[in-house]
There are 2 protein chains.
Amino acid sequence: MSKQQQVNKPKNEQESKAAVSENSVMEVFAFFNEVGIINQLASTILAGSLPDGVHPSHFAIINHLYRLGDGRSPLRIAAAMQVTKTTMTHSLKVLEGKGYISIKPNPEDARGKLVFLSAGGRQFRDKAIAQTVAAFGHVLSDEQVSRMKKLLPELTELRQFLDSNRLQ
Amino acid sequence: MSKQQQVNKPKNEQESKAAVSENSVMEVFAFFNEVGIINQLASTILAGSLPDGVHPSHFAIINHLYRLGDGRSPLRIAAAMQVTKTTMTHSLKVLEGKGYISIKPNPEDARGKLVFLSAGGRQFRDKAIAQTVAAFGHVLSDEQVSRMKKLLPELTELRQFLDSNRLQ
DNA sequence: CGAATATAGTTCGATATCGTACTATTGTAG
DNA sequence: CTACAATAGTACGATATCGAACTATATTCG
């Protein structure tokens, strides 16, 4: 007995009497856990390659406005990004401070705002894309890229399902 | 001209002269963006169903120790979770404060610590699983669960690739 | 052996995110 | 028309995470 500390065996070495539903939940957990780790890895790589110290989630906002068109409300962007509106208020304030977006009152609804990409924001986006090409080139093979292309539509469907069936 | 604000067209309505590499990068972005949103959705669902206000990432630590065995170093857990060691220091302090883990010095290396699941931690894990079964049941159909089972090994391979090829 | 380097954790300050509570405006029902 | 409910956004405090700098121990190498 060399070890002073008790180290418990992994659970799969014990006999299992779990119900089917628990087994399914474990696979769901494993899936979401993997998704979380990939997200973590991608964020770290992105954070290191984005110019001007821009946070990956803020870059996602710029990219969203760039691809899908600007002039959207903060709440609409928040829904697309799956973050709360308080988070969006903060993120937009940061991006506005950097001069990448402008936030204007919605002329058709005095409660709301509309978010626009500035020229500087578009320049930033182009520069960011260029710099991240190299960063991702270091960690991605053609095989992995094609794997991601294959998986993307499945993830999109799953996301849409989760989004439309979420609680509240 | 009813609109006072200029709203730019989505980018895909403009002619594209982008290089192949940029197109690939856009798909990679789309993939990681989808992963990030799914992660966000899953975290929100989990956060609402975990007992005792435990953060999803902290539950992931407990689940990791439960499944793969405890008596691991904080750094090793941090590597598995893809978070920094400073984050792990904080997370373990929280879990220790709740009585779910104990942190003991490593008898074979005075620099290190070893993390053990307490009985309370195991009880918490079982209770958490039970409570989240219902929560996920509300937002997941059998079709989505089987989709996740199908995608899991692909994501795992991708994660392993990213992990082994990451910068530094 | 002894100095330089590497590894394991912690401390500290910054920031992204969340939930609660608030204001302001819009929509709706009596 | 007025009161109530819904919607858009902000203010504030709490917390999870990060990076830089630090301490302590271990390893390596001359």
Side-chain angles (χ1 to χ4, degrees), chain A residues 36-37 39-50 52-62 71-98 101 103-115 166-168, chain B residues 36-37 39-50 52-62 71-98 101 103-115 166-168:
Chain A
I37 292 176
N39 182 53
Q40 196 70 27
L41 279 160
S43 292
T44 301
I45 297 170
L46 249 185
S49 64
L50 286 177
D52 201 14
V54 168
H55 193 276
S57 65
H58 296 172
F59 173 66
I61 295 171
I62 291 178
R72 291 160 189 262
S73 74
L75 197 60
R76 193 173 167 199
I77 305 172
M81 300 291 154
Q82 285 299 313
V83 296
T84 63
K85 55 187 181 178
T86 57
T87 297
M88 192 50 55
T89 295
H90 173 260
S91 299
L92 294 177
K93 206 170 292 178
V94 172
L95 289 174
E96 189 180 35
K98 288 178 182 291
I101 62 170
I103 307 174
K104 302 174 183 174
N106 183 347
E108 298 175 0
D109 187 339
R111 294 172 301 184
K113 308 273 185 78
L114 295 178
V115 183
R166 88 192 108 139
L167 322 170
Q168 267 55 281
Chain B
I37 292 175
N39 182 53
Q40 195 71 25
L41 280 160
S43 292
T44 301
I45 297 169
L46 249 185
S49 64
L50 286 177
D52 201 15
V54 168
H55 193 276
S57 65
H58 296 173
F59 172 67
I61 295 171
I62 291 178
R72 291 160 189 261
S73 75
L75 197 59
R76 192 173 167 199
I77 304 172
M81 300 289 153
Q82 286 299 312
V83 296
T84 62
K85 56 188 181 179
T86 57
T87 296
M88 192 50 56
T89 296
H90 173 260
S91 298
L92 294 177
K93 206 168 292 179
V94 172
L95 289 174
E96 190 180 34
K98 288 177 183 289
I101 61 170
I103 306 174
K104 301 173 183 174
N106 183 347
E108 298 176 0
D109 186 339
R111 295 172 300 184
K113 308 272 184 79
L114 295 177
V115 183
R166 89 192 109 139
L167 323 169
Q168 267 51 281

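Chain letters run A, B, ... following the sequence lines, proteins first, then strands; residues in each count from 1. These values consider heavy atoms only, across backbone and side chains, with no hydrogens, waters or symmetry-generated copies.
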* Kindly indicate, with the supporting measurements, whether the criterion side-chain contact (heavy atoms from CB on, under 4.5 Å) is fulfilled by A:N106 and A:K113. => CA-CA 5 Å; A:N106 183 347; A:K113 308 273 185 78; 5.9 Å; no

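- If you take CD1 of A:I103 and P of D:dG9, they are 10 Å apart, rounded to a whole angstrom.
- For A:L114 and D:dA8, the CG to P distance is 12 Å, given to the nearest whole Å.
- The side-chain contact (heavy atoms from CB on, under 4.5 Å) search around B:A78 returns B:V83, B:M88, not counting sequence neighbours.
- B:I37 approaches A:M81 most closely through the heavy-atom pair CG1-O, 4.2 Å.
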| request: Determine, step by step, whether B:V115 and B:R72 satisfy the side-chain contact (heavy atoms from CB on, under 4.5 Å) criterion, reporting the C-alpha distance in whole Å, the side-chain angles of both residues, the deciding distance to 0.1 Å, and the verdict. | output: CA-CA 5 Å; B:V115 183; B:R72 291 160 189 261; 5.7 Å; no

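- Where A:V94 and B:K93 meet DNA chain C, the nucleotide closest to each residue was compared, and B:K93 sits on the side nearer the 5' end.
- Close approach of DNA chain C to chain A, defined as any atom under 4.0 Å from a non-hydrogen atom of the protein, starts and stops at C:dA16 to C:dT26.
- Listed for the A:S43 side chain is no donor-acceptor partner under 3.5 Å among the backbone atoms of A:Q40.
- The side-chain contact (heavy atoms from CB on, under 4.5 Å) search around A:R111 returns A:D109, not counting sequence neighbours.
- Looking at residues two or more places apart in sequence or on another chain, you find a side-chain contact (heavy atoms from CB on, under 4.5 Å) between B:T84 and B:T86, B:T87.
- Taking the side-chain contact (heavy atoms from CB on, under 4.5 Å) definition, one finds that A:K98 meets it with A:D52, A:V54, A:V94, A:Y100, sequence neighbours left out.
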Short heteroatom pairs, N/O only, protein and nucleotides 17-19 of chain D, under 3.5 Å:
{"unit_1": "D:dT17", "atom_1": "OP1", "unit_2": "B:S57", "atom_2": "OG", "d": "3.0"}
{"unit_1": "D:dT17", "atom_1": "OP2", "unit_2": "B:S57", "atom_2": "OG", "d": "3.4"}
{"unit_1": "D:dT17", "atom_1": "OP2", "unit_2": "B:S91", "atom_2": "OG", "d": "3.3"}
{"unit_1": "D:dC18", "atom_1": "OP1", "unit_2": "A:Q40", "atom_2": "NE2", "d": "2.5"}
{"unit_1": "D:dC18", "atom_1": "OP2", "unit_2": "B:T84", "atom_2": "N", "d": "3.0"}
{"unit_1": "D:dC18", "atom_1": "OP2", "unit_2": "B:T84", "atom_2": "OG1", "d": "3.1"}
{"unit_1": "D:dC18", "atom_1": "OP2", "unit_2": "B:T87", "atom_2": "OG1", "d": "2.5"}

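- Taking atom CZ on A:R111 and atom P on D:dA8, their separation rounds to 6 Å, with Å as the unit.
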